[in-house]
S.K.: 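Let me give you the structure first, and then I'll get to my questions.
The first residue in the sequence is number 1, and the count goes up from there.
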Amino acid sequence: MQQAPHKLTIAVLGGGQLGSMMAEAAQPLRLRVHCLDSDAAAPASYNAAAFAEGDIRDARTVEAFGRHADVVTIEIENVSTEGMRRLREDHGRRVCPSPEALAIIQDKGLQKEHFRQHQVPTAPFELYTDEANLRARVGTGDLPYPFVQKTRTGGYDGRGVAIVRDERDLHQLLPGPSLTEPLVAYTKELAVVVARRAAGEVRSFPVVEMDFDPQQNLVVQLLSPARVDAAVARNAQTIAEELAASLGICGLLAVEFFLLADGSLLVNEVAPRPHNSGHITMDGFATSQFEQHLRAILDWPLGSTEQYRPAVMVNLLGEEGATGPAVYEGLEAALAMPGVHVHLYGKHTSKPHRKMGHVNIVAETFDVAMRRAEKVRAILRAFAKTN
C-alpha cells in the first residue's frame with residue numbers, strides 16, 4: 001500500500017518562480033513542498049509548505065535540508081551535486097535528477113560531449129580553458145567568425161553567452177572555461193519538455209516555438225503547438241525522449257532545438273527541471289509541466305500531454321531603465337480579455353529583463369490567440385517604481 005500523499009514531502013533546491021509553481025501544483029495532490037533558497041523573500045517563500053533560507057550550492061546545507069524528505073529535486077541547476085549525492089547514498093533519499101546527470105548538464109562542455117557520445121545532433125564545438133586560450137585560437141585563424149562563446153558553467157537566462165561576429169566583438173569575450181560553436185543559421189528555435197519516471201514511462205509535451213529577444217537572448221513569446229511539419233515535431237520529441245533516457249532522467253528534461261532550413265534539428269541546450277518553455281502547459285493542457293514533474297519524481301503514472309486549444313505564452317519582463325519596487329501597468333485590462341491567464345511571480349524588485357511573470361493566452365484558433373497576445377504585450381508592463 002502506498003503512503004498517503006499528504007505524508008509525502010518533496011524538498012526543492014531553489015525557491016524561485018519554478019519552485020513556487022511546483023508548490024501550487026502540489027496542493028491539489030496534498031503533497032508537501034519544502035523549498036530552500038538564499039533569498040528569504042523568494043517567490044516560493046509565500047506558498048511552499050515550508051521554506052528555509054540557505055545556500056543551495058553548499059553541500060552541508062543541502063544535505064541538512066533534504067535528509068528528512070521523501071524526494072529531493074531542483075528548480076535551478078546551480079546547486080551542490082555533492083549534497084545531492086550524500087542525500088542519496090548516506091540518507092537513502094530519492095534524488096531527481098541524479099547528481100551524475102546534473103553534473104553533466106551543469107557544465108555545457110560536458111553536455112556537448114554527452115551529445116557527441118550518444119549521437120545527438122548538435123552544432124560542432126571546441127572547448128577552451130580560458131579567454132587567453134580562445135584568443136590565441138582566433139589569432140591563428142583556426143576559429144573563424146562568426147561564432148558563439150558560452151561559459152561552461154553558471155550561464156542562465158541569456159547570461160554567459162557572447163556572439164562574436166568579427167574582431168570588433170572580441171571585447172565581449174567571456175573569462176574562464178568556455179566553449180565555442182559556429183553561429184548557426186536556423187529558421188526557428190523549438191523546445192520539447194519530456195517527462196520520464198523511474199518505471200520507464202516517458203511522455204513528451206507538444207513541440208513549442210520560441211521567439212527570442214536577439215539582444216538579451218531571452219524568450220519573449222512562445223507558440224504552441226509549433227508551426228512545423230508533423231515529421232519535424234515527431235523527430236524533436238524522439239530526440240528529446242532518447243536524450244532523457246541516455247541521461248537517466250527522473251522528472252522533466254527541457255530540450256531546446258535549432259530548426260535548420262532543410263528540416264533537420266540541432267540540440268542547443270537542455271535543462272533537467274520545469275522550464276520557461278513549458279509554462280504554456282499551465283492553461284489549456286490536460287496536465288501542467290509542474291504536476292507532470294511531481295508525478296515523474298514520485299514514480300507515479302504520467303498525465304496526459306494533450307493540448308486542448310492553441311495557445312501563446314508571453315513572458316512579462318522587467319522594463320528597461322531602473323531597478324526598484326515592482327509595479328504593474330495594464331493588469332486589469334489584460335485580465336478582462338477572454339482566454340488570458342496572468343501568472344505573476346511575486347518578485348518584489350523589478351530589474352531590466354528580469355522575468356516577473358508570464359501570460360498564457362488560449363483561444364479557439366491560433367490566429368485569435370496571436371492577436372490577443374499582441375494586445376497583451378502592448379498593454380501589460382512590469383517596471384520599477386522610482387518615486
Side-chain angles (χ1 to χ4, degrees), residues 2 8 10-14 18-19 21-22 25-26 29 31 33 69-77 79 81 84-85 87-88 93-106 110-111 114-115 117-122 190-208 224 233-257 265 267-282 285-307:
Q2 292 184 330
L8 293 173
I10 298 164
V12 181
L13 303 180
L18 299 177
M21 289 184 276
M22 207 183 302
L29 295 170
L31 298 167
V33 168
D70 295 284
V71 184
V72 180
T73 190
I74 65 171
E75 63 112 53
I76 190 171
E77 285 90 339
V79 305
T81 55
M84 294 172 72
R85 185 193 63 78
L87 285 168
R88 184 187 63 192
R93 302 301 91 191
R94 179 183 294 174
V95 176
C96 299
S98 72
E100 294 78 14
L102 182 56
I104 291 171
I105 293 169
Q106 284 177 333
L110 295 181
Q111 252 193 73
H114 182 89
F115 297 164
Q117 179 184 355
H118 292 272
Q119 291 79 55
V120 176
T122 192
L190 309 174
V192 173
V193 175
V194 57
R196 183 176 182 271
R197 57 183 286 218
E201 184 184 9
V202 177
R203 290 201 181 196
S204 296
F205 285 99
V207 181
V208 298
S224 182
R234 184 59 231 164
N235 187 31
Q237 289 177 316
T238 298
I239 292 171
E241 291 170 6
E242 291 177 349
L243 184 47
S246 74
L247 288 163
I249 288 296
C250 168
L252 295 187
L253 183 72
V255 183
E256 297 181 351
F257 296 90
L265 294 164
V267 174
N268 181 22
E269 296 177 357
V270 301
R273 54 169 172 78
H275 191 259
N276 190 255
S277 63
H279 288 347
I280 197 73
T281 63
M282 296 174 71
F285 281 69
T287 310
S288 78
Q289 68 163 342
F290 298 100
E291 179 183 336
Q292 195 78 303
H293 183 68
L294 295 171
R295 286 171 176 249
I297 65 177
L298 290 166
D299 203 19
W300 288 356
L302 299 179
S304 167
T305 56
E306 180 184 0
Q307 181 174 0

S.K.: F290: what forms a ring pair (Phe, Tyr, Trp, His ring centres under 6.0 Å) with it, not counting sequence neighbours?
M.R.: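 For F290 the ring pair (Phe, Tyr, Trp, His ring centres under 6.0 Å) partners, ignoring immediate neighbours, are H279.
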
S.K.: With side chain to side chain contact (heavy atoms under 4.5 Å, CB included) as the test, would you mind laying out the steps for T281 and V193 before giving the verdict?
M.R.: CA-CA 10 Å; T281 63; V193 175; over 6 Å; no

S.K.: Supply the atom-to-atom distance L29 CG to L8 CG, rounded to the nearest 0.5 angstrom.
M.R.: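 L29 CG to L8 CG: 10.0 Å, rounded to 0.5 Å.
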
S.K.: Please walk me through it: do T122 and Q111 pass side chain to side chain contact (heavy atoms under 4.5 Å, CB included)?
M.R.: CA-CA 10 Å; T122 192; Q111 252 193 73; over 6 Å; no

S.K.: Yes or no on side chain to side chain contact (heavy atoms under 4.5 Å, CB included) for I297 and R94, after CA distance, side-chain angles and deciding distance?
M.R.: CA-CA 8 Å; I297 65 177; R94 179 183 294 174; 5.6 Å; no

S.K.: Any idea which heavy atoms bring A236 and V192 closest together, and the distance?
M.R.: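 It is CB-CG2, 3.9 Å.
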
S.K.: Indicate yes or no for a side-chain donor-acceptor contact from Q237 to the backbone of V194 under 3.5 Å, with no hydrogens or angles considered.
M.R.: no

S.K.: Mind checking salt bridge (charged side-chain N to carboxylate O under 4.0 Å, His left out) for R85 and listing every partner two or more places apart, or none if nothing turns up?
M.R.: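 Partners of R85 under the salt bridge (charged side-chain N to carboxylate O under 4.0 Å, His left out) test: E82, E89.
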
S.K.: Got a list of side-chain donor-acceptor pairs under 3.5 Å for residues 238-254, not counting sequence neighbours?
M.R.:
unit_1, atom_1, unit_2, atom_2, d
T238, OG1, R234, O, 3.0
T238, OG1, R234, NE, 3.3
T238, OG1, R234, NH2, 3.4
E241, OE1, R234, NH2, 3.3
E241, OE2, S204, OG, 2.7
S246, OG, H114, NE2, 2.9
S246, OG, L243, O, 2.8

S.K.: If you take all heavy atoms of P274 and Q289, which pair is closest and at what distance?
M.R.: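 Minimum heavy-atom separation between P274 and Q289: CA-OE1, 3.4 Å.
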
S.K.: Is there a side-chain contact between H293 and C96 in this structure, where contact means two heavy atoms from C-beta onward sitting under 4.5 Å apart?
M.R.: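 Counting from C-beta outward, H293 and C96 never come under 4.5 Å.
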
S.K.: Return the CD1 to OG1 distance between I104 and T81, rounded to the nearest 0.5 Å.
M.R.: 11.0 Å

S.K.: Taking H275 for the side chain and S277 for the main chain, is one N or O donor matched with an acceptor at less than 3.5 Å?
M.R.: yes

S.K.: What's the shortest heavy-atom distance between R93 and D70, and which atoms?
M.R.: NH1-CA, 4.3 Å

S.K.: Would you name the heavy atoms of A198 and D299 that are closest together and state the gap between them?
M.R.: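 It is N-OD1, 3.3 Å.
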
S.K.: Restricting to non-hydrogen atoms, name the atom on I74 and the atom on P97 that form the minimum distance, rounded to 0.1 Å.
M.R.: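 Taking I74 first and P97 second, the nearest heavy atoms are CG1-CD, 3.8 Å.
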
S.K.: Could you tell me if the side chain of M84 sits less than 4.5 Å from the side chain of L13, heavy atoms only?
M.R.: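 Yes - at least one pair of side-chain heavy atoms lies under 4.5 Å apart.
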
S.K.: Under the rule for salt bridge (charged side-chain N to carboxylate O under 4.0 Å, His left out), what residues qualify as partners of E306, not counting sequence neighbours?
M.R.: none

S.K.: Hey, are the side chains of F257 and N235 touching, using non-hydrogen atoms and a 4.5 Å cut-off?
M.R.: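 Not in contact.
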
S.K.: Starting at CG of L294, measure out to OG1 of T287 and round the result to the nearest 0.5 Å.
M.R.: 11.5 Å

S.K.: What's the verdict on side chain to side chain contact (heavy atoms under 4.5 Å, CB included) for Q292 and L302, showing C-alpha distance, side-chain angles and the deciding distance?
M.R.: CA-CA 6 Å; Q292 195 78 303; L302 299 179; 3.7 Å; yes

S.K.: Among residues at least two apart in sequence or on other chains, which ones pass salt bridge (charged side-chain N to carboxylate O under 4.0 Å, His left out) with E291?
M.R.: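 E291: salt bridge (charged side-chain N to carboxylate O under 4.0 Å, His left out) contacts with R295.
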
S.K.: Tell me every residue that passes salt bridge (charged side-chain N to carboxylate O under 4.0 Å, His left out) with E256, counting only those two or more places apart in sequence or in another chain.
M.R.: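 None.
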
S.K.: Report the distance from atom CD1 of I76 to atom CZ of R273, rounding to the nearest 0.5 Å.
M.R.: 7.0 Å

S.K.: Do you know the tightest heavy-atom contact between T305 and F285?
M.R.: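 That would be O-CD2, 3.9 Å.
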
S.K.: So F205 and S224, do their side chains get closer than 4.5 Å, heavy atoms only?
M.R.: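 Side-chain contact under 4.5 Å: no.
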
